[in-house]
Amino acid sequence: MFALVDVNNMYVSCERVFRPALNGRPVVVLSSNDGACIARSNEAKDLGVRMAQPWFEVRHLEREAGLIALSANFELYGDMSSRMMALAAEYAPRQEIYSIDECFLDFEGVPGDLVAIGRDLRSKVLAWTGLPTSIGFGATKTLAKLANHVAKTADRKPGRYPPQYAQVCNFLDLSAEQLHAVLSAADVGDVWGIGRKTAPRLNEAGLRTVLDLLKADVPALRRQFGIVMEKTLRELRGTPCHVVDDAPQPNQQIMCSRSFGAPVTELPTLIEVVSQFVTQVARKLREQGSLAGGVQVFINTSPYRRQDRQHAPSATLRLGQATSDTRVLISAVVRVLRSIFRPGYNYAKAGVLLVDLQQASHEQSALDLFEPGPSPDAPERNRASLMSAMDALNDRFGRGAVTVASAARRPGPSAHASKQERRSPRFTTRLDEIAVARA
DNA sequence: TCTGGGGTCCTAGGACCC
DNA sequence: TCTGGGGTCCTAGGACCC
């Protein structure tokens, strides 16, 4: 028996905790460059704002409909997420944190009325963090996801599903007739794993509702849509193909990429930008105790600017020896960047990817035949302690307190820097931004 | 003028091996 | 003229997720 706990409109809900005046108002949270809407309140959804819709397309709703836009504040959302996850974890023996706003819980062997447990969880999270959640229970992860969809939709769109399923929905409490009714009201596209490409293809084959899908021929769908679809179908029929994984593996790749506030044409600017990206990914790399065996760099012009000549090169460089040393990674990344950069293009975005990650303990030093020099053991230790000293200084004095020179920000305003004009304070993680209560 | 960022898994096809 | 077959590994691209 699985549950999926999911925060409603996570980023908007986090903002509302500290600014209750936003309740009941249409609110969106914008991406890093204030470029697109990445979270929407129900009121904003009702205004027709779509996921990832460019801000300039809906900006007129500010005046016309009182739409409020905020810059993303990931530090705040991450902290609120940890608080919510810690509370949810108390309710079941196993928890898998699936994303910043969702977790699966495995209720195997837990006695009692699951809906009552779910309602208790929900009200505790609401009381202790201020975040509203929806909870779905099902025999598999895919069914728990679908139950969660029903719980959320019943709350938001009256008429589509029975109102008693709102907020907390347990498929195992439903009679065959009730389940039948729910499954024939749910679209194939509402199923976890069926996305915007596959749903239309299923529709063309005459499969519109989840019930249609359940009646379909598994081997035929497997042939046409692959093994992912087969697993989805099995899960919908109640056979678990996925478990709750409470000990996730470290990431296999770590990425940092960003669109620029204004087009970039100069190589030195790009070098500065990707060096800053490396600083971030290398930090994450060391946090998860990994080494990178290679780096990948990409830059691209804006496909939306039809009048511009387009260029979107990318290249990978294998490192002779896996490392987590920011300096080594920066020099590798800059080498790749120099090889792919061409003057005369308006670059709109760049990214750095660390690939071929391995656990630091598995690293076999002195295996690099092409790296000259004496036994690498002592330099390796120096390298590691330099990097931990850098991390410690940045922890203590703020990010960017100590950095590699090529990643240092030049003085003065930089046009390519991200716009973050509407960011709220980081209420829960910065002492100087903490919320102040006034009498 | 302005168009998100960070991940995973699967598949097809090419290189290479014997 | 005839032009293997089976296996592995790697990569790029696509689909999905939030």
Side-chain angles (χ1 to χ4, degrees), chain A residues 4 6-11 28-40 49-60 69 71-72 74 77-78 81 96-104 141-142 145 148-149 188-202 222-232 241-242 245 248-263 277 280-281 284-285 288 293-294 296 298 300-308 312-316 318 346 348-357 415-416 418-421:
Chain A
L4 182 79
D6 172 300
V7 179
N8 303 341
N9 312 326
M10 170 77 174
Y11 299 167
V28 294
V29 171
L30 302 176
S31 61
S32 66
N33 209 29
D34 288 357
C37 306
I38 55 171
R40 306 156 294 160
V49 180
R50 297 188 316 274
M51 187 59 182
Q53 187 167 19
W55 169 234
F56 72 85
E57 286 181 10
V58 292
R59 154 165 240 163
H60 61 97
S71 300
F74 292 110
Y77 311 151
S81 172
E96 174 182 340
I97 296 176
Y98 179 68
S99 74
I100 191 165
D101 72 327
E102 280 175 52
C103 66
F104 286 102
K141 281 174 140 184
T142 304
K145 268 282 207 181
N148 182 278
H149 155 80
V188 290
D190 295 327
V191 173
W192 189 40
I194 298 180
R196 58 181 228 285
K197 296 278 187 184
T198 308
R201 291 174 61 203
L202 288 168
R222 153 91 204 232
R223 277 193 299 278
Q224 197 182 349
F225 295 96
I227 195 171
V228 177
M229 176 64 74
E230 183 184 359
K231 283 186 183 167
T232 298
C241 299
H242 304 292
D245 181 7
Q249 297 302 305
N251 289 346
Q252 297 175 31
Q253 55 181 47
I254 298 176
M255 177 157 85
C256 180
S257 74
R258 207 126 306 166
S259 310
F260 307 137
F277 291 177
Q280 289 188 43
V281 290
K284 277 197 207 167
L285 184 73
Q288 72 166 40
Q296 189 176 327
F298 66 87
N300 58 255
T301 50
S302 171
Y304 302 105
R305 290 173 62 103
R306 295 283 181 77
Q307 70 277 24
D308 280 12
S314 90
T316 305
R318 305 276 154 207
N346 287 324
K349 184 176 179 177
V352 165
L353 194 60
L354 300 182
V355 298
D356 202 7
L357 303 193
H416 63 273
S418 284
K419 281 181 292 194
Q420 287 272 38
E421 290 164 353

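Note on naming: letters A, B, ... go to the chains in the order of the sequence lines (proteins, then strands), and numbering restarts at 1 for each one.
Between A:S32 and B:dG4, a side-chain N or O to OP1/OP2 separation shorter than 4.0 Å is absent. For the pair A:K145 and C:dC18, the criterion of a side-chain N or O lying under 4.0 Å from OP1 or OP2 is met. Contact annotation: A:T198 reaches the phosphate of C:dC16 (side-chain N/O to OP1 or OP2, under 4.0 Å).
Judged by closest nucleotide on DNA chain B, A:R305 is the one of A:C256 and A:R305 placed further toward the 5' end. Map A:R59 and A:V228 each onto its nearest nucleotide of DNA chain B; the residue landing nearer the 5' end is A:R59.
Among the protein residues, A:V191 comes within range of the sugar-phosphate backbone only, with heavy atoms under 4.0 Å from sugar or phosphate atoms but none that close to a base. Contacts of A:Q252 with the nucleic acid, taken as non-hydrogen atoms under 4.0 Å apart, involve only primed sugar atoms and P, OP1 or OP2. Within 4.0 Å (heavy atoms only), A:A36 reaches sugar-phosphate atoms of the nucleic acid but no base atom. Across all strands, A:R50 comes closer than 4.0 Å to no nucleic acid atom at all (heavy-atom distances). Residue A:L30 is out of contact with every strand shown, counting any heavy-atom pair closer than 4.0 Å.
Closest to the side chain of A:S31, out of B:dG4, B:dG6, B:dG5, is B:dG4.
In this view, A:F298 satisfies the ring-ring contact (aromatic ring centres under 6.0 Å, His included) rule with no residue, not counting sequence neighbours. Every residue was checked against the side-chain contact (heavy atoms from CB on, under 4.5 Å) condition with A:A52, not counting sequence neighbours, and none meets it. Legend: residues meeting side chain to side chain donor-acceptor pair (under 3.5 Å) with A:T142, ordered by chain and number and at least two apart, are A:E235. A search for side-chain contact (heavy atoms from CB on, under 4.5 Å) contacts involving A:P313 returns A:I299, A:H311, A:I340, not counting sequence neighbours. Listed by chain and residue number, A:R305, A:Q310, A:N346 satisfy the side-chain contact (heavy atoms from CB on, under 4.5 Å) test with A:D308 (two or more places apart in sequence, or in another chain). For A:E230, the side-chain contact (heavy atoms from CB on, under 4.5 Å) criterion is met by A:V218, A:R222, A:I227, A:R234, not counting sequence neighbours.
In this structure, A:N251 atom CG and B:dG6 atom P are separated by 12 Å, rounded to whole Å. Look at CH2 on A:W192: it is 14 Å from P on C:dC16, rounded to the nearest Å. Atom OH of A:Y98 is separated from atom P of B:dG6 by 18 Å (rounded to the nearest Å). Between A:R196 atom CZ and C:dC18 atom C1' there is a gap of 14 Å when expressed in whole angstrom units. Counting to the nearest Å, the C1' atom of C:dC17 and the CD1 atom of A:I100 are 14 Å from each other. Taking atom CG on A:L353 and atom C1' on B:dG5, their separation rounds to 12 Å, with Å as the unit. One can place CZ of A:F74 at 14 Å from C1' of B:dG7, the figure rounded to the nearest angstrom. Per the geometry, CG belonging to A:N33 stands 11 Å off P belonging to B:dC2, to the nearest Å.
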Look for any protein N or O under 3.5 Å of an N or O in nucleotides 10-14 of chain C and output each such pair with its distance, or none.
from: C:dT11; atom 1: OP1; to: A:R318; atom 2: NH2; distance (Å): 3.2

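Listed by first and then second residue, the side chain to side chain donor-acceptor pair (under 3.5 Å) pairs that reach into residues 189-199 of chain A are A:Y98-A:W192, A:H149-A:D190, A:R160-A:D190, sequence neighbours excluded.
When all heavy atoms of A:A72 and A:V29 are compared, the pair lying nearest together is CA-CG1, 3.6 Å.
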Strand DNA chain C in bracket notation, Watson-Crick/G-U under 3.5 Å with | for pairs to another chain: ....||||||||||||||

